[in-house]
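Only heavy atoms go into these numbers, but all of them, side chains included; no hydrogens, no water, no symmetry mates. Position 1 is the first residue of the sequence; numbering continues from there.
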Amino acid sequence: MDRTSPLGAFLKARRARLSPDDVGLPRYGDRRRVPGLRREEVALLAGVSAGYYTRLEQGRQANASPEVLDALARALHLSPAERDHLYDLSSTTGHRPAVSGDDEKVSADLRTLLTTMAAHVPALVVGRRNDVLAWNRTGHALLAPHLDFSAPDDPGGRPNLSRLVFLDAPTRALHRDWPAKARAVVGNLRILTARNPGDTHLAALIAELTARSAEFRSTWDAHTVAPCGRDVHTLAHPAVGELTVTQQTFDVPKEPHQSLVTFTAEPGSPSTAALEALKTRGRTVDAPVACAPTP
């Protein structure tokens with residue numbers, strides 16, 4: 001019986017995207033019933049037995065040595081981020097303690113930094129499940145003016161960036177290239193779930209999105225891996241019109257599960273002027289008008 005594990009599902013998805021031509025293997029004129037490489041071909045390329053690789057993919061072999069993981073990464077032409085994900089899936093399954101509760105807090109120093117940055121840079125702090133733990137006025141005005149500014153202060157009702165992208169109509173309308181944003185969100189969620197397999201709240205979020213969004217289900221099944229870092233987004237903002245911003249994500253020192261997310265625009269561009277207008281709006285509007293219910 002096939003009891004595919006997260007590790008096995010990822011391996012299967014990655015071999016399905018490769019053809020023999022991609023890895024220098026002959027086809028011998030064969031007609032393939034499924035796309036991608038066969039298990040035996042991946043095993044050959046990685047220098048392991050076909051039986052061993054089959055056990056990995058079917059979930060009958062939970063982990064693999066670093067040498068085998070490196071060989072599989074080379075055989076499947078994994079990117080550096082995908083290789084790291086492969087390691088997370090192999091080495092963390094069943095070994096990290098379960099994470100529960102809503103105990104994520106933002107330090108006083110980080111809150112001061114957010115407030116100081118509001119005069120120049122929209123910013124927010126996100127936690128280990130993509131919950132917004134805090135944002136400054138400008139960050140709130142840029143991303144979610146239809147939500148209450150104080151929403152991140154309620155551990156049980158914090159806005160979740162992944163949920164907003166898939167289930168919140170104003171957030172979807174904000175992103176000109178929503179499919180690209182959706183893929184990025186899912187790619188990051190894949191990394192978070194691999195690194196925190198015992199997090200019941202994160203598992204519940206994945207289950208909710210899977211149940212409520214067909215688009216999430218299809219993107220999730222692709223097993224795309226996309227770490228947060230730097231990205232450029234064009235936004236259709238309801239208050240200041242279209243603007244293009246660069247989003248950058250930074251790890252918070254001494255808070256390994258928290259990230260600082262900032263948004264900037266090209267100096268002197270119309271987008272910078274739009275951000276300036278939002279900064280004024282963020283300073284003067286204490287209670288945003290609700291445009292749609294929170295999902």
Side-chain angles (χ1 to χ4, degrees), residues 1-100 128-129 183 186-207 209-211 216-227:
M1 180 179 178
D2 195 328
R3 299 177 290 115
T4 305
S5 64
L7 171 63
F10 180 65
L11 290 171
K12 184 176 181 180
R14 294 283 71 82
R15 73 174 170 87
R17 71 178 182 179
L18 294 174
S19 72
D21 297 334
D22 294 327
V23 296
L25 289 178
R27 285 183 173 272
Y28 299 115
D30 61 329
R31 298 180 61 185
R32 294 175 178 250
R33 292 178 296 176
V34 294
L37 297 176
R38 296 189 175 104
R39 288 170 176 164
E40 295 81 2
E41 291 169 330
V42 176
L44 175 66
L45 291 167
V48 299
S49 72
Y52 176 82
Y53 177 79
T54 298
R55 291 195 298 275
L56 275 177
E57 197 172 286
Q58 292 183 342
R60 294 184 286 120
Q61 179 82 34
N63 295 303
S65 69
E67 292 77 14
V68 169
L69 294 176
D70 285 343
L72 289 172
R74 291 191 296 270
L76 294 170
H77 292 194
L78 300 187
S79 69
E82 289 170 337
R83 177 186 175 280
D84 291 344
H85 186 62
L86 182 69
Y87 264 79
D88 285 335
L89 290 173
S90 177
S91 62
T92 63
T93 304
H95 294 288
R96 288 193 180 181
V99 178
S100 61
R128 60 177 173 257
R129 308 175 188 114
R183 289 192 298 271
V186 172
N188 183 55
L189 277 176
R190 276 288 178 191
I191 292 175
L192 294 180
T193 55
R195 291 177 179 173
N196 303 281
D199 191 325
T200 56
H201 288 260
L202 186 55
L205 172 65
I206 301 301
L209 294 175
T210 299
F216 177 84
R217 288 196 298 274
S218 62
T219 310
W220 183 254
D221 289 343
H223 288 265
T224 300
V225 177

Subject >> Gap between atom CG of Leu45 and atom CD of Glu40 - 0.5 Å precision >> reply: 12.0 Å

**OP:** Any chance you could measure Glu57, atom CD, to Ser5, atom OG, to the nearest 0.5 Å?
**Re:** 9.0 Å

Original post:
Looking at CG of Leu78 and OH of Tyr87, how far apart are the two atoms once the value is rounded to the nearest 0.5 Å?
Top reply: 11.5 Å

Original post:
Any idea which heavy atoms bring Ala46 and Ala75 closest together, and the distance?
Top reply: N-CB, 4.0 Å

**OP:** Take Glu41 and Leu18 through the test side-chain contact (heavy atoms from CB on, under 4.5 Å) and record every step on the way to the result.
**Re:** CA-CA 11 Å; Glu41 291 169 330; Leu18 294 174; over 6 Å; no

**OP:** Check Ala222 against Ala13 and note the closest heavy-atom contact, atom names and distance.
**Re:** O-CB, 4.2 Å

Original post:
Do Val42 and Leu11 have side-chain heavy atoms sitting under 4.5 Å apart?
Top reply: no

Subject >> Expected output: side-chain Asn196 to main-chain Leu192 donor-acceptor under 3.5 Å >> reply: yes

Original post:
Do the ring planes of Phe10 and His223 sit parallel (below 30°), tilted (30 to 60°) or perpendicular (above 60°)?
Top reply: tilted

**OP:** Tell me, with the steps shown, if Val225 and Leu86 meet side-chain contact (heavy atoms from CB on, under 4.5 Å).
**Re:** CA-CA 10 Å; Val225 177; Leu86 182 69; over 6 Å; no

Subject >> Minimum heavy-atom distance between Arg14 and Thr224, given as atom pair plus value >> reply: NH1-N, 4.4 Å

Original post:
So do the side chains of Asp70 and Arg83 get within less than 4.5 Å of each other, counting heavy atoms only?
Top reply: yes

Original post:
Which value, rounded to the nearest 0.5 Å, describes the distance between Asp88 atom CG and Thr193 atom OG1?
Top reply: 9.5 Å

Original post:
Could you go step by step and tell me if Glu82 and Arg74 meet the salt bridge (charged side-chain N to carboxylate O under 4.0 Å, His left out) rule?
Top reply: CA-CA 11 Å; Glu82 289 170 337; Arg74 291 191 296 270; over 6 Å; no

Original post:
Any donor-acceptor pair under 3.5 Å linking the side chain of Arg217 with the backbone of Thr210?
Top reply: yes

**OP:** Measure from the side-chain N and O atoms of Arg190 to the backbone N and O of Trp220, and report whether any donor-acceptor pair falls under 3.5 Å.
**Re:** yes

Subject >> Minimum-distance pair of heavy atoms, taken over all atoms of Ala64 and Val68 >> reply: CB-CG1, 3.9 Å

Original post:
Taking Gln58 for the side chain and Arg55 for the main chain, is one N or O donor matched with an acceptor at less than 3.5 Å?
Top reply: no

Subject >> From CG (Leu44) to CG (Leu25), nearest 0.5 Å >> reply: 6.5 Å

Original post:
Are side-chain heavy atoms of Leu189 and Phe216 found at a separation under 4.5 Å?
Top reply: yes

Original post:
In Å and rounded to the nearest 0.5 Å, what is the CG to OG distance from Asp221 to Ser218?
Top reply: 7.5 Å

**OP:** Please tell me if the side chains of Arg128 and Leu202 come closer than 4.5 Å, counting only heavy atoms from C-beta onward.
**Re:** no

Original post:
Under the 3.5 angstrom rule, does the side chain of Arg15 hit a backbone N or O of Leu37 as a donor-acceptor pair?
Top reply: yes

